[in-house]
There are 2 protein chains.
Amino acid sequence: MGLIKTEKFTNQQNEIALIAKVIGHPARVAILQHLFKINACVCGDLVDEIGLAQSTISQHLKELKHMGLIKGSVEGTSVCYCIDTENWSKMKQIMTQFLDQDVSNNTCC
Amino acid sequence: MGLIKTEKFTNQQNEIALIAKVIGHPARVAILQHLFKINACVCGDLVDEIGLAQSTISQHLKELKHMGLIKGSVEGTSVCYCIDTENWSKMKQIMTQFLDQDVSNNTCC
DNA sequence: TTTATATATTGCAATATTACGATTAAGTAA
DNA sequence: TTACTTAATCGTAATATTGCAATATATAAA
């Protein structure tokens, strides 16, 4: 069906999955890495940097913004995007907690 | 097109995205959490636990196995699944390194 | 061998995602 | 005003994902 049955899972499980899903595309990984690297506002040079069509990059930016990982502010004709540090930290904590599950007692197979 | 242009990105970016993508479904998050919780082999009770069809769970297990996050061994008629601790640690390191990018110098917008 | 149980695979329908070109919107410069 | 620049949105095609029923496979028990 292509439709995820979110009602079968806990809020936490759905949230982890949503965060991971947004990161689960190399273009969005590249955008985030570039924003971290530049460490300041960036706009349409992401299109040159990444090499996908302008409309495609715009769509990925929209998804990242929708998840709250980045924020954008209009600067004249261009738009300045950057990491939303507060939300990034929150997201990082959620993911880290999931990833940090103790593996040492795992005594099977 | 629905087709990701992986050739536009670095191996690292593609790898991060692939890992995140596998985690990007609540059923797979639930499976992983259950395997951690039980801390031992588990088989078809994942179907009862999660409440999706057997074939659906089997497919998700296949994807997790394909990414190397879990491994399974046949035990009679059932199959014992568990976290692949070595690969989990590797994966965790890759993701943590990505998530840990320094946010403090971010002075924009 | 037959039957039962557990898991994997196949085939399919519904929906989602990715990507792009074309267009629109909104600001700037002339 | 018009022309230009930048980014968002729309429409669309191609592909991917999700989920299930049905079937296949493989082992165990009778």
Side-chain angles (χ1 to χ4, degrees), chain A residues 1-9 13-14 17-31 34-35 41-67 70-82 108-109, chain B residues 1-9 13-14 17-31 34-35 41-67 70-82 108-109:
Chain A
M1 314 189 162
L3 175 65
I4 295 175
K5 300 201 161 176
T6 53
E7 76 277 7
K8 301 261 184 185
F9 310 102
Q13 288 164 344
N14 284 314
L18 278 179
I19 293 169
K21 198 174 177 186
V22 162
I23 300 176
H25 190 293
R28 294 192 287 269
V29 171
I31 289 171
H34 193 67
L35 291 180
C41 296
V42 159
C43 353
D45 45 22
L46 282 166
V47 177
D48 305 329
E49 182 74 18
I50 292 175
L52 295 177
Q54 179 265 321
S55 55
T56 307
I57 298 291
S58 190
Q59 242 178 293
H60 285 303
L61 287 168
K62 191 178 173 182
E63 283 177 77
L64 288 167
K65 200 167 146 191
H66 184 253
M67 266 307 285
I70 65 174
K71 51 186 176 178
S73 59
V74 180
E75 308 244 324
T77 57
S78 58
V79 176
C80 159
Y81 280 107
C82 61
C108 83
C109 298
Chain B
M1 315 189 161
L3 176 65
I4 295 176
K5 300 200 160 176
T6 53
E7 75 278 5
K8 301 260 183 184
F9 309 101
Q13 287 162 345
N14 283 315
L18 277 180
I19 294 168
K21 198 174 175 184
V22 161
I23 302 177
H25 191 293
R28 294 191 288 268
V29 171
I31 289 171
H34 193 68
L35 291 179
C41 296
V42 159
C43 353
D45 44 22
L46 281 166
V47 177
D48 304 328
E49 182 74 17
I50 292 174
L52 295 177
Q54 180 266 322
S55 56
T56 307
I57 297 292
S58 188
Q59 244 179 292
H60 285 304
L61 286 168
K62 191 178 175 185
E63 284 177 78
L64 288 167
K65 198 167 147 192
H66 184 252
M67 268 307 286
I70 65 175
K71 52 186 177 178
S73 58
V74 179
E75 307 244 324
T77 56
S78 58
V79 176
C80 159
Y81 280 107
C82 61
C108 82
C109 299

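Naming convention: chains lettered A, B, ... in sequence-line order (proteins, then strands); numbering from 1 in each chain. The figures that follow rest on heavy atoms only: side chains count, while hydrogens, waters and symmetry mates do not.
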Show the numbers, then the answer: is there a side chain to side chain contact (heavy atoms under 4.5 Å, CB included) between A:Thr56 and A:Ile50?
CA-CA 11 Å; A:Thr56 307; A:Ile50 292 175; over 6 Å; no

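Residues A:Gln54 and A:Thr6 each lie close to DNA chain D; by heavy-atom proximity, the contact nearer the 5' end of the strand is made by A:Gln54. When each of B:Leu52 and B:Gly76 is assigned the nucleotide of DNA chain D with its nearest heavy atom, B:Leu52 is the one assigned upstream, toward the 5' end.
Protein atom NE2 of B:His25 is 14 Å distant from nucleotide atom C1' of C:dT17, rounded to whole Å. Between the NZ atom of B:Lys62 and the P atom of D:dC20 there is a distance of 17 Å, rounded to whole Å. Look at CE on A:Met67: it is 13 Å from P on C:dT17, rounded to the nearest Å. Distance CD1 (A:Ile4) to P (D:dA16): 17 Å, rounded to an integer number of Å. Between B:Glu75 atom CD and C:dT7 atom P the separation is 11 Å, expressed in whole Å. When the P atom of D:dA8 is taken as reference, atom CD of A:Gln59 falls 11 Å away, rounded to whole Å. If you take CG of B:Leu3 and P of D:dT12, they are 22 Å apart, rounded to a whole angstrom. Rounded to an integer number of Å, the gap from NZ of A:Lys5 to C1' of C:dA14 is 12 Å.
Contact annotation: A:Lys21 reaches the phosphate of C:dT17 (side-chain N/O to OP1 or OP2, under 4.0 Å). OP1 or OP2 of C:dG27 has not a single side-chain nitrogen or oxygen of A:Thr77 nearer than 4.0 Å. The phosphate of D:dG19 (OP1 or OP2) has a side-chain N or O of B:His60 nearer than 4.0 angstrom. Proximity of B:Tyr81 to the phosphate of C:dA8: a side-chain N or O atom is located under 4.0 Å from OP1 or OP2.
Residue A:Leu61 has its side chain nearest to D:dA8 when only D:dA8, C:dA19, D:dA7 are considered. Side-chain atoms of B:Ser58 lie closest to C:dA8 of the nucleotides D:dC20, C:dA8, C:dG21.
Across every non-hydrogen atom of B:Leu35 and B:Ile70, the tightest pair is CD1-CG2, 3.6 Å. Annotation for A:Arg28 and A:Lys21: closest pair NH2-O, 3.4 Å, computed over non-hydrogen atoms.
Nucleic acid contact for A:Ile57: none, since no nucleic acid atom lies under 4.0 Å from a heavy atom of the residue. A:Lys65 comes within 4.0 angstrom of nothing in the nucleic acid, heavy atoms only.
To the nearest 0.5 Å, atoms CG (A:Leu52) and CD1 (A:Ile31) are separated by 8.0 Å.
A perpendicular orientation is assigned to the rings of A:His25 and B:Phe9, their planes being inclined by more than 60° (bins at 30° and 60°).
The base of D:dA21 lies close enough to the side chain of B:Ser55 for a donor and an acceptor atom to sit less than 3.5 Å apart.
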